[in-house]
Amino acid sequence: MSRDLEAQLRALLGESPVSKYRVEDVTRIYRQSVLPRYRKNRGRNISLGGLLDLIDDLFCDQPASSFGPKKLAKLRDELLAEGNSRNYINERIRYTIKIFNYALSQEMIEPDQIVALRSLEPLKYGEAPEPPPREVVTLEAIQCVLPELHPVIQSMLRIQVATGARPKEVFSIKPRDIDRSREVWWYRPGSHKTQHHGKAKAIPILGDARDALEPYLLNAESEDDLCFKTQRGNHWQAGSYRNQIHKACDRLGVARGSPYTIRHLAASIVRERLGLEGAKSLLGHSSSKITEQHYAARTEREALAAAQAAPTLTAV
């Protein structure tokens with residue numbers, strides 16, 4: 001039976017075309033069609049998978065068309081009962097709406113259902129636990145931890161401290177992405193977080209960052225080969241990198257540094273030396289408001305000045 005004919009029969013019977021779908025149909029098609037897009041982002045994949053499981057546990061056999069603000073609030077109450085933070089819960093609710101928005105694109109629910117779901121206001125301050133404050137990580141503590149780490153992780157950490165690069169940008173370095181034709185090397189990532197804005201990114205590689213990277217460039221099998229690989233020859237993931245650093249910090253009894261607290265540390269030091277614009281250039285933010293919000297380059301010259309002011313570690 002064609003889809004149009006089925007819709008006509010349902011209309012004659014007074015039944016909505018979307019009434020046949022259950023919540024489990026929505027989660028199933030999201031798992032099949034959307035989750036594979038995050039296969040390279042294991043953390044996001046696992047997180048969304050857990051959310052889909054929770055939605056199934058609570059509502060799987062209920063009509064998808066009945067999933068409105070009250071059921072969304074029930075999902076939120078379940079997340080609250082688990083002791084999650086306000087930011088985490090609000091993020092989970094936003095992703096749930098995205099899941100049902102995808103169902104709308106597949107004609108599984110009606111458009112006004114998304115409008116209704118968006119009417120649920122996010123949790124406000126005081127209505128749920130706040131995330132714990134970031135531990136203060138010092139350059140001295142990171143220097144103490146360095147000898148405890150595998151040489152590959154040492155090198156990646158040195159590059160991150162000296163450049164303020166995102167972990168993924170360090171993991172993805174390939175010889176072809178490093179412009180070594182000038183006195184200062186420039187790393188131009190093949191992909192980066194803000195590329196969807198049409199902005200190119202250039203990271204100066206000098207001083208300790210260059211010393212840490214050079215041996216891996218020389219040993220790379222080809223221009224397209226990753227410089228940094230796991231022991232199994234795979235691409236590094238942020239979780240594995242973070243866990244190795246955390247274990248070393250725990251052994252020494254110092255505050256845990258994580259990939260993003262280290263990026264924050266580098267930006268904070270540059271901000272002290274060059275001000276907000278310097279930190280903005282180091283991080284590659286297009287707006288100073290982003291830097292100010294998260295960390296309390298318009299030109300290569302600004303990025304270079306920021307990199308020259310960035311901290312460095314002493315190689316071991």
Side-chain angles (χ1 to χ4, degrees), residues 1-132 193 196 237-239 242-243 260:
M1 181 183 297
S2 70
R3 189 168 188 170
D4 289 342
L5 181 56
E6 181 182 1
Q8 292 173 19
L9 287 174
R10 289 183 178 277
L12 289 172
L13 294 171
E15 188 179 354
S16 168
V18 302
S19 62
K20 64 179 180 178
Y21 296 111
R22 302 286 170 183
V23 171
E24 62 186 349
D25 297 317
V26 171
T27 56
R28 174 180 49 78
I29 196 168
Y30 196 87
R31 280 192 177 92
Q32 293 174 349
S33 303
V34 180
L35 272 193
R37 300 174 189 173
Y38 298 104
R39 61 182 176 273
K40 292 185 178 180
N41 188 336
R42 188 168 177 268
R44 180 63 57 83
N45 196 294
I46 292 173
S47 178
L48 284 177
L51 177 60
L52 292 166
D53 289 342
L54 180 58
I55 294 170
D56 278 341
D57 289 344
L58 296 173
F59 312 108
C60 69
D61 59 349
Q62 298 182 25
S65 58
S66 73
F67 192 91
K70 289 185 177 180
K71 285 188 171 63
L72 190 61
K74 182 179 179 181
L75 174 66
R76 187 175 67 183
D77 290 342
E78 188 71 20
L79 290 166
L80 186 58
E82 293 176 355
N84 293 298
S85 72
R86 180 173 61 93
N87 290 346
Y88 178 84
I89 294 171
N90 286 339
E91 181 190 47
R92 296 295 87 188
I93 295 304
R94 288 194 297 270
Y95 268 107
T96 301
I97 296 173
K98 286 183 179 181
I99 290 167
F100 279 84
N101 196 60
Y102 183 77
L104 173 62
S105 74
Q106 303 302 303
E107 300 182 3
M108 299 173 73
I109 63 172
E110 299 290 354
D112 57 358
Q113 191 170 337
I114 296 298
V115 177
L117 289 173
R118 288 174 178 164
S119 70
L120 183 69
E121 293 189 0
L123 291 173
K124 297 179 175 59
Y125 185 84
E127 295 180 335
E130 294 299 313
K193 185 177 180 180
H196 57 283
Q237 299 294 327
R242 179 182 62 248
N243 290 340
Y260 278 90

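Residue numbers start at 1 and run along the sequence shown. This is a predicted model, so every value here is computed, not measured.
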Side-chain donor/acceptor of Asn243 to backbone N/O of Gly239, under 3.5 Å:
yes
Quick check: closest heavy atoms across Tyr21 and Glu107, and the distance to 0.1 Å?
CE1-O, 3.8 Å
Asn45 (side chain) donor-acceptor with Leu35 (main chain) under 3.5 angstrom:
yes
Ser47 side chain vs Arg44 backbone, donor-acceptor pair below 3.5 Å:
no
At their closest point, which heavy atom of Arg86 faces which heavy atom of Lys124, and how far apart are they?
CD-O, 3.1 Å
A side-chain contact here means heavy atoms from C-beta on lying under 4.5 Å apart; do Pro63 and Arg22 qualify?
yes
CD1 (Ile55) and OG1 (Thr96) are apart, to the nearest 0.5 Å, by 4.0 Å
Rounded to the nearest 0.5 Å, the CD1 atom of Ile46 sits from the OH atom of Tyr38 at a distance of 14.5 Å
side-chain contact (heavy atoms from CB on, under 4.5 Å) for Ile99 and Leu51? Distances and angles first, verdict last.
CA-CA 10 Å; Ile99 290 167; Leu51 177 60; 4.0 Å; yes
Any chance you could measure Asn90, atom CG, to Leu79, atom CG, to the nearest 0.5 Å?
10.0 Å
Sub-4.5 Å side-chain heavy-atom contact between Glu127 and Ile89:
no
Glu110 CD to Ser19 OG distance, which is reported to the nearest 0.5 Å:
9.5 Å
Shortest non-hydrogen pair, Ile29 vs Val26, comes out as CG2-O, 3.2 Å
Over all heavy atoms of both residues, which pair between Phe59 and Lys71 is shortest? Give the atoms and the distance, please.
CZ-O, 3.3 Å
Residues Arg28, Asp25: salt bridge by 4.0 Å N-O rule
yes
In the structure I gave you, are the side-chain heavy atoms of Leu72 and Ile97 within less than 4.5 Å of one another anywhere?
yes
Please give me the minimum heavy-atom distance between Ala128 and Leu80, naming the atom from each residue.
CB-CD1, 3.5 Å
Report the distance from atom CZ of Arg92 to atom CZ of Arg94, rounding to the nearest 0.5 Å.
9.5 Å
Test log, rule side-chain contact (heavy atoms from CB on, under 4.5 Å), inputs Asp53 and Arg31:
CA-CA 10 Å; Asp53 289 342; Arg31 280 192 177 92; 2.4 Å; yes
Determine the interplanar angle of the Phe67 and Phe100 rings, folded into 0 to 90°, and report it as parallel if under 30°, tilted if 30 to 60°, perpendicular if over 60°.
parallel
Which pair of non-hydrogen atoms, one from Leu104 and one from Ile109, has the smallest distance, and what is that distance?
CD1-O, 3.4 Å
Might you confirm whether atom NZ of Lys70 has over 12 heavy atoms from other residues, nucleotides or ligands at distances under 6.0 Å?
no
Could you grab the distance from atom CD of Glu82 to atom CG of Asp77, nearest 0.5 Å is fine?
11.5 Å
